[in-house]
Every structure is written in C-alpha cells, then in structure tokens.
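What follows is a set of notes on a single structure, which appears directly below.
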Amino acid sequence: MTKRVAVVSGGIGGLGTAICKQLADSGRRVVAADLAVRAERVAEFEQEVASYQGQITFAPVNVGDEASCAALIEQVRADAGEVDILVNAAGITRDTTLKKMSTQQWLDVMKVNLDGAFFLTRQVIDGMSQRGFGRIVNISSVNGQTGQFGQTNYSASKAGLHGFTMALAKEVARKGVTVNSVSPGYCRTAMVMAIPEDIRNQIVASIPVGRIGEPEDIARAVDFLSGDQAGFITGVNLPVNGGMFISF
Ligand code: CAA
C-alpha cells in the first residue's frame, strides 16, 4: 500500500516537529507546513529531518490565509499525493489580561488557532470523504478546557477547536473520516519557555506527574489517533497533560 500522506500545520514548531517525526516513524509521508518567513528555523528543521530522506518535507503556508491554505494543499497533491491525515498544530499566544488586550491580539490568535484549522480542513475534507478515509487531529490545549489567566484569546480559540472537532466528527463519521483533538498540557516548547520563569516554575510544580511534558508525549497521542486502526474513535478530546486537569 502507498504511504499515507500527512500534513502537519505548525510543522516546524515545538510540537509540530515531534509530530512530523513520529508520523514518519510510523510510515507516513509527512509534509511540515509552516510560515516560510521563519527561514532560519526552516533550514534548521531541514537539517533535523535530513535522516528521513525525503519522507518529511517542508512546504510554506500561512494558515490564517485561505488562499495560502488552498495553494498548500494543491502543492501537496502534486508532490506527495492526496492528503489522508491533517494535523492542525499551528498555534500562537498573545498572552495578556483582557483589560490590556488589543483587538489585534485577539484577532491574531483567532486567525491562526481557529480560522487556520477551518481553512486547512476545508481544503481536505471533500477529498477524504470521497475516498472514504481521513484522519483529522486538532491540537487544542489544557487551557482550552480550564481557561488560563492572561489567555482569554488563546483559551477561547482552543475551546473553539473542541466545538469544531465535535461538530465535524458528526458530519463526516459515515465517510470514514475521524476528527479528534489532543489537548497538551505544558510541554518543553519555545511557547512555554517564553512564559516568565517564576510563573512557569509555579505551573510546572503543579503538574501531578512531576515533570513538564515532552513534545514526544504529544506526538505519540497524535500518532495513535491518526492510525488506520483508530476508526472507531471520533469526536473525542485526548488530554495529555500529566494529570494537570483530570476530568471525564
Ligand atoms: N491567578 C490570579 N491572579 C493572578 C495570576 C493568576 N494566575 N497571575 C497574576 N495574577 C495577578 C497578579 O498578581 C496581579 O495582581 P495585582 O494587580 O494585585 O498586583 C494581577 O493579576 C495582574 O498581573 P500582571 O500585572 O502580572 O498581569 P500582566 O498582564 O502583566 O501579566 C500574564 C499577565 C502575562 C498573562 C502572566 O500572568 C503570564 O504570563 N501568565 C502565564 C500565562 C500562561 O500560562 N500562558 C501559557 C502559554 S503556553 C501555552 O499556552 C501552551 C499551552 O497550551 C499549555
């Protein structure tokens, strides 16, 4: 069988890079889609995945731009084939309390974290449905479940992803397409390392398993949900947070 083709938005980011490697290790042909303006990081990423010998490639996208998402999927089709797996992992923070938040800080987060998932998913959903197979995994956040001080924009966008996940799961379940979300807790990424150290230390100290998450912890969950054998799991949220938020 030909390799399943996976597109990972935010593919060169902290979680995205680990997700790309994990999906490639599981035999997928992976396209890491991200902002090309991050030229230094793109070059570094290409070094990091050199041993995958073309099984992981970079493609430019701005997920907040519908035309850019359309162009990306067109390029993936031409270079790698039809998209079987989409991981919406592109995400940004603009943390500040609501009383200080500018409209731009609100809109920027919504555009990348929520509109981006819509724009990309919209490009692949018809093809997946027609072919009778698809896996969509949306990277949400523990903070989309609990709310976090200073993150009204981010928490709203990540909670929005859960609604998107559940609604779309119902729409495409009969077509062999599953839609799930993974909600990471605090992991060793640049995004988390950017939190002021004293605040970050307090947060990490509150994680029941006693350590910060590793990007690979998240990647394994994405791998599981995107597998061919996971077809009976849809519309769920899989929290991977070290016990930071336990619920059912
Ligand atoms: N709960 C209650 N009160 C708090 C608080 C908290 N968690 N944090 C701060 N406060 C209080 C402060 O003590 C302060 O009180 P006073 O006015 O009485 O002095 C008041 O709230 C305002 O605090 P600041 O002036 O510090 O507010 P700020 O706007 O300058 O800073 C912030 C706020 C930048 C958001 C800072 O609190 C912060 O960085 N918090 C961490 C946010 C965070 O966890 N982000 C996650 C990023 S990683 C990620 O998002 C990945 C993922 O999915 C997990």
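Since the model is a prediction, treat every value here as computed from it, not as a measurement. Numbering of ligands and ligand atoms starts at 1, following listing order.
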Task: Salt-bridge contact R211-D217 (side-chain N to carboxylate O under 4.0 Å) - done: yes

- [ ] Look at D228 together with R4 and state whether they make a salt bridge at an N to O cut-off of under 4.0 Å.
- [x] yes

Task: Within the 4.0 Å heavy-atom sphere of ligand 1, strictly under, residues - done: T93, D95, T96, T97, K100, S141, N143, Q148, F149, G150, Q151, Y154, G185, Y186, M191, V192, I195, P196, I199, I203

Open item on the list: If we ignore hydrogens and angles and just use 3.5 Å, is the side chain of D95 paired with the main-chain N or O of Q151 as donor and acceptor?
Closed with: no

Open item on the list: Would you say that more than 12 heavy atoms from the other residues, nucleotides or ligands in this model lie under 6.0 Å from the CZ of R122, or not?
Closed with: no

TODO: Using the salt bridge (charged side-chain N to carboxylate O under 4.0 Å, His left out) rule, collect all pairs that involve residues 46-69, keeping only residues at least two apart or in two chains.
DONE: K21-E48, R41-E48

Task: T234 side chain vs V179 backbone, donor-acceptor pair below 3.5 Å - done: yes

